[in-house]
Every structure is written in C-alpha cells, then in structure tokens.
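See below for the structure under consideration.
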4 protein chains.
Amino acid sequence: MSDHRAGPTRSAAARESILDATARLFREQGYDHLTIEGIARAAGVGKQTIYRWWPSRGALIADCLIEGRLFDVDFDVPNTGELVSDVETWLGRILAIIENPDGSALLRSLVGAATEDAAVGDQLSASLGVERSLAERLSIGVTDGQLPAGTPVEQVGDAILGAVIVQSLSRRSDPEESRRLVRFILGAR
Amino acid sequence: MSDHRAGPTRSAAARESILDATARLFREQGYDHLTIEGIARAAGVGKQTIYRWWPSRGALIADCLIEGRLFDVDFDVPNTGELVSDVETWLGRILAIIENPDGSALLRSLVGAATEDAAVGDQLSASLGVERSLAERLSIGVTDGQLPAGTPVEQVGDAILGAVIVQSLSRRSDPEESRRLVRFILGAR
Amino acid sequence: MSDHRAGPTRSAAARESILDATARLFREQGYDHLTIEGIARAAGVGKQTIYRWWPSRGALIADCLIEGRLFDVDFDVPNTGELVSDVETWLGRILAIIENPDGSALLRSLVGAATEDAAVGDQLSASLGVERSLAERLSIGVTDGQLPAGTPVEQVGDAILGAVIVQSLSRRSDPEESRRLVRFILGAR
Amino acid sequence: MSDHRAGPTRSAAARESILDATARLFREQGYDHLTIEGIARAAGVGKQTIYRWWPSRGALIADCLIEGRLFDVDFDVPNTGELVSDVETWLGRILAIIENPDGSALLRSLVGAATEDAAVGDQLSASLGVERSLAERLSIGVTDGQLPAGTPVEQVGDAILGAVIVQSLSRRSDPEESRRLVRFILGAR
DNA sequence: GACTAAGCGAGACGGTACGTCAAGTCTTGTC
DNA sequence: GACAAGACTTGACGTACCGTCTCGCTTAGTC
C-alpha cells in the first residue's frame, strides 16, 4: 500500500508567487481591498489554486506573517544589560514602522486582519516579536533583578504593544509618550 | 437670523431606525457581514437615506458608539480612594464583556471597524471610558499621591486596554492575568 | 357660486422655463436620458411643479411639439401648382433635419417618445406637418387632377414620412432614394 | 442525451433561458419596463452573465429578433402571380399583429427599442420581412412587368411598413385604409 | 389689513434599477 | 491530478431617478 498518488504535486512556484503577491498587495492596498481575484491575477495563478491550499484571505496573511514577508524589520532585541534601553530599542522598531503613514496603515490593516481571522490573530503579536523577543528580554530582567519576581512579562509585553495599537487606531501616536510609558512601567522601582 | 433652509427636514424616525438596525446587526453578525443594504432592509429605509447622512459603514458605527448603542455597560468608575481596586472595577467591566464569546467578538469587530475607519478609531477608546473614566481616575491617583508625579495617565490607560485587545485578537484571555498586570503597573511602588 | 380659489395662480415663468429646459435637454441628450429631475434642475424649479402640471415626461414633450420648440423648421408647404415638386419641398425639410446626425437622433428620439407616450404619438405626424401641410397639399392635387380621385391622401402622407422614419431607425438614409420614392408614388400615372 | 454542465465555455443553457426570458418579458411588459435585473431574475441567471455576453438591453432584443422569438408570425410572402394580392397578404400579417392591442404595443415597443439601440434598428424591418420577403416580391413584380422598371422596391417596402408604424404611433390604425394605400401605390398604372 | 390657501423652490423619503466588483464553486483542456 | 483560465450564481457596492410627501416662503383673492 503506497500513499504515492499519480500526477503533479503542489507547485512550489505557485505557492511562492501567491504569497509574494499577497504580501505586496497587502502592503500596497491594505487588508480591505485585498481580494482573492486580485491575488490570483497578480500571481498569474488560477483562483482555485489559492482556494485549494488556503481556506481564507486571513490564512494567506498568516502565512505571510509566519514567513516574515510583511515587515522588513528585525524585531530581535539585544541584551545589553540595560533593560529599559533594550526595550526601547524594540519599541523603536515598532515606532519606526508607524511613523510612516504607510507603515501605520500596514499595522492597522494587520490588526484588522486579526479581528476577522483567528489565524492572523495567533500570529500577530508573535510576528512583532512580543513573545520571542520582548517578553524574553523582560524575563531576563526578572532573572537579573531589574524587574521584581512575579512580573507578568507576557502581559507587560502585550500592554506595551497594545498601547501603540490603541493609539494607532485613534490615528494619534507620540513616540516620546510611548517611551515615557515604557520607562514608567519598567522603571523607577 | 436663521440660516436654515426651506424644505423637508431630516427624519428623526429614519435616523433612529437606521442606528437601531446598525447596532443590532453589528452585534449579531460583526463588522464584516455588516452591509448597508442589510441595514436599509432591516431599518425599512432606502439606501440613499443612509448614504445621505453617513459617509460610510464606519460612520454609522461611530455614531452608535457615541450614543452608547453597542454596550449595555457603564464604564464610569467610582472613586473609592483605592486606586488599584477602582481600576480593577473598570477592567472588570471590560473583562465581563469579553468573557462572553459574543462580547469578545463584538470587541474584536469594533477594533476591526476602527482599523478601517478613522471615525470609529476616534471613538473607540473613548467609548470604553478610557479617557473620561480610567485616565481621569488615574489622574486623581497622581493628585493624591498614589501614583508618582509625571505618570503618563493616558498612556497607561491605553496600555491596559491595549493588553486586553491584543489578547482578544489572539483569542486568549485570562482575567486574572489582566488583573495582575494592573497591579503590576500601578502597584508596589 | 364661486369656484375661485384664493392664492397664486399658475406661474407662467415656471411653465416657460420648464418647457424650455425640456426642449433643450431633449435635443441635447435624447428622450432616454431625459429625466424629470434633470429638467427641474435645469429649469430651476421644484419637481413638484412639474408633476403638478404634467402627468409624464411624454406630456412635456407633447407640449414642446405643440409649441414647436423642438424643430426650427417650418413644415408648411407652398402650392406652386407642381405637386411633386411641392411634396419634395416638404420632404426636403425632413431630410435636412436627419441629414445632420443630431437631427437624425432627434427624430428617432421623438419616435421613441411616441412609442412610450400616446400624447406624443398624437402630435408626432401633426408636428411634422403631415396632416396640415403635406396631406393638405395632396388633397389639392386630387382636386386639380394631378392625383386620381380616391387617393388616400392621409395614408400617402404617412407612407412618405414612414419611409423616412423606418430608414432612420436602420441608421440608413438616402435623400435621393427618398425623392425617387415620392416621384414613384405620385408620378407617372 | 446530453449531461451538459456549466463550465468555462459559454453556457448554452444560460443563453437560451436569457433570450427566453427576454422575449417573454418584452412581450408581456414592453421595452420600457424591461430590465436587466428582471431578465436575470426570470432566467435564473446572474446579471453578470448577461453583461458578459450582451452590451445592452437592445442587443438582447436584437438577438431575439434575429432568432424570431418575438413574433409567431411567418412573414414570407407567396408568389401567386398577383402582385397586389401577395403584398396584401404580407400586409395582412402585420395588421393581424397590431389588430390586437398587445400586438400593437409590441410593435410600438419594438420601434422604441430601435430608436434607442442601433442593433435593433438594424434588425427591425428585416425581422418583419421587408427586405427578404416584401421587397423581394416587389422585385419580381418589376421583372414580370406588373411594376415599372426603376421602381424603388426597398423604398416602397419601407413606405408601406412605415405607414403602418406611423399610424400605430398615433394609436390610429385602419386596416382597410392600409390596403387602399397598397392598392394606390402598386395599382392602377 | 389680516387671513387664508394654493403655487413655488427645495429636497427628504422608500423604492427600483443601474452597471461593477468580488465571493466561492465548478469545468475545461493542458501538462 | 495540479494547474491557468474563466464561466457561473449570488449578493453587495454606490449612484441616479422615480413619484410622493413635507417644509417655509410668497402671493392673490376674500372677509
């Protein structure tokens, strides 16, 4: 009994050009305005090929997120020993994105995708390095005594990202204020 | 000295039934799936009557938000003197909403609307009482010495709400963890 | 026994500007594309003022026809004694209209109006001078022996006009052929 | 036995049911009142399928005309040798249609369609057998000497049809008078 | 001279249809 | 059997007009 089947297997080229087109169109036009037909057209691919492998628009975005196709940015945070300054480094990456109107729209769009599609929601904060990078750095801060034991590091990570997102939704954003928030939350204890 | 024009005036009944239908359909089906045609049908109104007075779906939602048609909840926060417990009261109202799956979807939907429409974004945190209620209470905390001078109260409000939102987008939410966050941010100084 | 009513009477200025706008828009855009709202706008008049006095778009056109607001042409035919040449004079007026593409469209449009509205149909051939002018001239031809007794003059008039109309509907028209038709029908007996 | 299914090639079933619905609705309700949405609904077809293959309402009518879906009547004319009587046979078919109020409205409606759409105009007289049947019979009349050489047969055909149409637009029609016209034009030379 | 009541410009209203776009499903023919 | 292509039904988009119905203003008799 062989699980080998006749015929061609999944086309890597198609997958590549679909995700490529998805990422490009998403960045250019946002999540609303992103259409399966548009992706198929841009990717030179039949619609069915998309529907065959992804259940929804959101799943495409989630894959782009996982493969880092939406941001050029590296969200990894160094450990220089200075907790606050390291976290500000991470924050700076986020703020650099939303400083640019397109970047701001991109982040909002991504949040919009996450509200509609759980798969995107799952990837959202991860793809911005909250768990792997920010929370990880905070954990080190707990270990080396810069933060009290029992600090809810994941929550703190979500809170910092969340403050930025909430302000982005209100189309108001003030980098210096964001940094004050970080210093307030982490500092002066 | 009247600058009003002759002719028929805006129908209050139409406005009412449109916002009513909007709020109902939004709560039942979410922002995606909310259509102008559906609203018009449910409100017994011509589409043009909607387009005449609101520029977009989002503007309808923003109006619903302003008039408190989406949440039954009162986000006003008492001042008992106990800062942390008062903030937890506010947080509890939010958590009560998203404890229920429908409520969680409602909040996410609202965030989705905010990503697409600036008018909703403008109202989002306000309608959840962040400025008027939470940040106000924090300000009192600064005044009475429970918080250090220079505390960025608006930022802190956004951060607390933002943490909840980020977790809601990831479809993970832990009320007790959220409360720990509040106690961590505000407390033990 | 007063059947008088108080208040203002029908505004001659409104009537004038409505028919004016109707004729202009009809000539510029044709019967399809002619809208009550467009007329009201162009005439600087409320829609209700139109609906108050005319039951339909067609009735407006019929009034324009009656008052000769659609054609600059005079369809009266001289009696020079030469029947065929007099009829060709009349025909020449019609052909001069449809020689111009706009005039051709105007005639077609008028026919279109007549198909939808009996009031226009009633005026159509009359407004082109078929009864008063062409058929009248043919009658004289019967009297003076240029046409046989019993000639169905109205029918002949309709036939000549009808041939032009049918060809206009097919977007083919040949003035010389039309004149041959007249000479064939009337001549050489 | 065809188990034909829809597919990437044009669906014959859709075409058929669209033209079917068009012809039915046109006969029932006339050209004004004929809507693409109504046709789509009646045909059980998406609007886009209509727009994909026909540029306008008129093009649908033109196709119905070409395929003889609007008249049950056969406009072919026999050649019995008696020219006038043969032409009266043809005329009788037309008169039979407009004797009935619905038929009269149908003809008027068709004329209305022709005024708005060149494609219908192209087909109008052809579909009533003017060229293929009436003018052809007249040509034979020229050949066999019943009509003088040089008779403008096409024009005469248009004139006879045109007379009927003009009278139909005026909502006056007298079969006997129409026959007198034919006898006058063709006869007694 | 005040009091009607209709005509008027304006335009809101519930509708229908427009022509377009995209959704997701289904076929065809090619590789 | 995956693929590019694209026809199909469905349904929403935002716009244009329909014919009806107020509004508030102006004006022309009647009291």
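Values below: every heavy atom of this structure, side chains too, minus hydrogens, waters and symmetry copies.
- The two atoms that bring B:T115 and A:R171 nearest to each other are O-NH2, 3.5 Å, heavy atoms only.
- Both A:A43 and D:W53 lie near DNA chain F, and the one whose nearest nucleotide falls closer to the 5' end is A:A43.
- Note: CD1 (C:I36) to P (F:dC18) measures 6 Å, nearest angstrom.
- Comment: B:D20 engages B:R69 in a salt bridge, judged by a side-chain N to carboxylate O separation of less than 4.0 angstrom.
- Residue side chain B:K47 reaches the base of F:dG14 through a donor-acceptor N/O pair under 3.5 Å, judged by distance alone.
- For A:A14, the listed nucleotide lying nearest its side chain is F:dC3; candidates were E:dC26, E:dA10, F:dC3.
- Rounded to whole angstrom, the span from the CG atom of A:D32 across to the C1' atom of F:dG14 amounts to 16 Å.
- Comparing F:dT20, E:dA22, E:dT25 by their nearest atom to the side chain of C:Y51 picks out F:dT20.
- Under the 3.5 Å distance criterion, the side-chain polar atoms of D:R57 are matched with a main-chain donor or acceptor of D:L34.
- For the pair B:I18 CD1 and E:dG14 P, the computed distance is 7 Å after rounding to whole Å.
- When distances are taken from the side chain of D:R41 to each of F:dA16, F:dC3, E:dA17, the shortest belongs to E:dA17.
- Taken from CG in A:L19 to CH2 in A:W54, the straight-line distance is 4.5 Å, to the nearest 0.5 Å.
- The nearest heavy atom of DNA chain E to B:T49 and to D:R57 marks one nucleotide each, and the one closer to the 5' end goes with B:T49.
- Distance from the side chain of C:Q48 is smallest for F:dC21 among the nucleotides F:dC21, F:dG6, F:dT22.
- In this entry the distance linking CZ of D:R52 with C1' of F:dA5 reads 12 Å, nearest Å.
- Separating the CG atom of B:L60 from the P atom of F:dC13 is a distance of 11 Å, rounded to the nearest angstrom.
- At the heavy-atom level, C:S11 lies under 4.0 Å from the strands shown only through sugar-phosphate atoms.
- A donor and an acceptor atom, one from each side chain of A:S11 and A:R15, are nowhere located under 3.5 Å apart.
- If you check every strand for non-hydrogen atoms under 4.0 Å, C:G44 touches sugar and phosphate atoms only.
- We find that CZ of C:R15 is positioned 16 Å from P of E:dG7, with the value rounded to whole Å.
- Out of F:dA4, F:dA12, E:dG9, the shortest distance to the side chain of B:T35 is found at F:dA12.
- The separation between A:H33 atom NE2 and E:dA23 atom C1' is 16 Å, rounded to whole Å.
- Side-chain proximity of A:E37 to the nucleotides E:dG24, E:dC8, F:dT22 is greatest for E:dG24.
- One atom, CD1 of C:I39, and another, C1' of E:dC8, lie 18 Å apart when rounded to the nearest Å.
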